[in-house]
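Comments concern the structure below.
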Amino acid sequence: MKKSLIALGVAMTFSQPVLAVDCSGIEAYQGKGEYTKDQQVTHQSNKFQCTVPGWCALDGPYEPGVGWASSNAWQDLGVCDAGTDTGGGTDTGGGTDTGGGTDTGGGTDTGGGTDTGGGTDTGGGTDTGGGTDSGGGTDTGGGTDTGGGTDTGGGTDTAGPSCDATEDWQANVAYGSGTVIDYQGELYQANWWTKGANPEQNSGPWQVWSKQGSCSTGTDTGGGDTGGGDTGGGDTGGGNTTDTPVTINGQLSVCGTKLCNEKQQPIQLKGMSSHGLQWYGWNNCLTEKSLDALAKDWQADVLRISLYVQEGGYETDPQGYTEQVNRLIAEAAERGMYALVDWHQLDPGDPNYNLTNAKRFFTDIANANKDRNNIIYDIANEPNKVSWDRIQSYSTEIIPVIRAIDPDAVVLVGTHGWASLGVSDGASYQDIVNNPVPFDNVMYTFHFYAASHDDYYRQQLTAASEVLPLFVTEFGTQTYTGDGNNDFVSAQAYLDILNNKQISWVNWNYSDDFRSGAVWQQSTCRNDGPWTEASLKPAGKWVREQMRK
């Protein structure tokens, strides 16, 4: 089924848009909403019809007429009639009003505000100067206000507009990215599409709402904007930058089958894996700028540091690679991310082959980082062509080495069949259930590649998650080689399971390797950027969107 859907998405072609279609009574696109097949929406003055419901419900690459995968999910039915009111407002100037506001100047009002100057009002505020107001505030100077504050010509907005100009939050209303609302006298800005998420309980840079301060104390003092207003052409956000995954969750532990924070609350981490450090490590694809992008733009919780043992890795320079791993753990900690230290043994598949080196490496890493609370140890990447009993025996040798130095850290154990819970070797997760690792604070790893691993793997993952604590330390949207066509339908089916079960995940890989599984376009690492969405391959754009949800 997934193959036919992909074929449909690639082969689907649409006729040229028909001009001047009637958009009366059609609701405006709301981002990550629930859309059914053939449901129609308006977006940016065009009318669209949903063709693949599962994809229509995804924002970003599937945004109608804008996202790079838009045509896979939506059929463009044409441009709305000039003067058509599709939101309930009044249109008197020839423009298009799709949000319920009043358009009197020829511009486009899609948010419910008033556009009197020819600009675009997408947030509910008032645009009187020709600029773009997408946050709910008032822009009278020509700049861009995306934060909810008041910009009158380059001043500083340090808190936000008054409560009188801001809507009260309502649980049954869907809010788009950048929307500013009032909740019990405080201003909050939506970081992405949301509905039903209480702002007070779901605020922070890593959550759906960013708190902007009291809505009754907004002031403009004459310089730049640091709180939620306009910085002269764009808004750089807000919120408390000290609220990071590590400061919020602290020392992790395993409670039952879940990964839990220091308050024993189940959590889900999302992040990226480096490629091999010998090829794409520190000062190559992992730089100050690229890690800033991963932590702040991607909003990653965890960086997996992938240290190959063979293939020009650890065994060629134990001291040098240990120092590099320590540096990357510190870089992750500096940005508030967890560091997942991956002993990337692959060939030979029996981890006992590298037992001596593993003991040396984990002794050195634990001694250097025992006082940190952001480290997770992954002691065997993808055991293969070896029984679970051999892997279990290896773990009883390595885990005591770590625990003697760093007793509180979570330890991950690779499962048989290339970390498939044994499935790829014709075995089963029951092997682990029958002979578990005899330590607490341990989780078992699962890897999948969406274009290669079918529904049977998902069934085994679901069943195993009921009895074993699992962590997906590697996955790709392509084939198991990390290359080939992306299967986003299968990948989404996996992530639906992981999100529902609160299973943490890490994607492969944060590099500019030529394969489709490397998220950055080639030469991005060599040029140290730009580390922006424009430099991402399709898989990178998709994974970034998933991480930011």
Side-chain angles (χ1 to χ4, degrees), residues 9 12-128 130-136 167 170 172-179 190 192-195:
M12 190 182 299
T13 59
F14 305 119
S15 60
Q16 291 297 317
V18 179
L19 295 180
V21 297
D22 183 8
C23 297
S24 299
I26 305 299
E27 68 176 28
Y29 175 67
Q30 296 294 323
K32 302 178 182 69
E34 295 295 330
Y35 297 103
T36 58
K37 183 172 175 56
D38 298 330
Q39 183 175 350
Q40 296 179 353
V41 299
T42 59
H43 192 53
Q44 297 195 350
S45 301
N46 276 45
K47 183 177 180 181
F48 296 88
Q49 181 168 299
C50 176
T51 55
V52 184
W55 293 350
C56 296
L58 302 175
D59 203 358
Y62 296 95
E63 181 180 354
V66 178
W68 60 267
S70 169
S71 62
N72 292 343
W74 297 94
Q75 181 177 358
D76 188 344
L77 300 180
V79 179
C80 293
D81 252 334
T84 297
D85 181 348
T86 61
T90 303
D91 181 346
T92 60
T96 303
D97 179 339
T98 60
T102 303
D103 180 346
T104 60
T108 303
D109 180 341
T110 60
T114 304
D115 180 345
T116 60
T120 303
D121 180 340
T122 60
T126 304
D127 181 347
T128 59
T132 303
D133 180 342
S134 57
E167 289 185 21
Q170 299 180 56
N172 62 344
V173 174
Y175 298 99
S177 175
T179 304
W192 53 84
W193 185 92
T194 178
K195 182 178 180 181

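Owing to the predicted nature of the structure, the values given are computational and were not obtained by experimental measurement.
Looking only at side-chain heavy atoms (C-beta outward), W74 and Y35 come within less than 4.5 Å of each other.
Interatomic distance, Q39 CD to Y29 OH, rounded to the nearest 0.5 Å: 11.5 Å. The CD atom of Q49 lies 9.5 Å from the CD1 atom of I26; values are rounded to the nearest 0.5 Å.
Between G78 and D76 the shortest heavy-atom distance is N-OD1, 2.9 Å. The nearest pair of heavy atoms linking Q44 to V66 is OE1-CG2, 3.6 Å. Taking both residues in full, the closest heavy atoms of C23 and T42 are given as CB-CG2, 3.8 Å, listed atom of the first, atom of the second, then distance. Listed here is the closest heavy atom pair of C80 and N46: SG-C, 3.9 Å.
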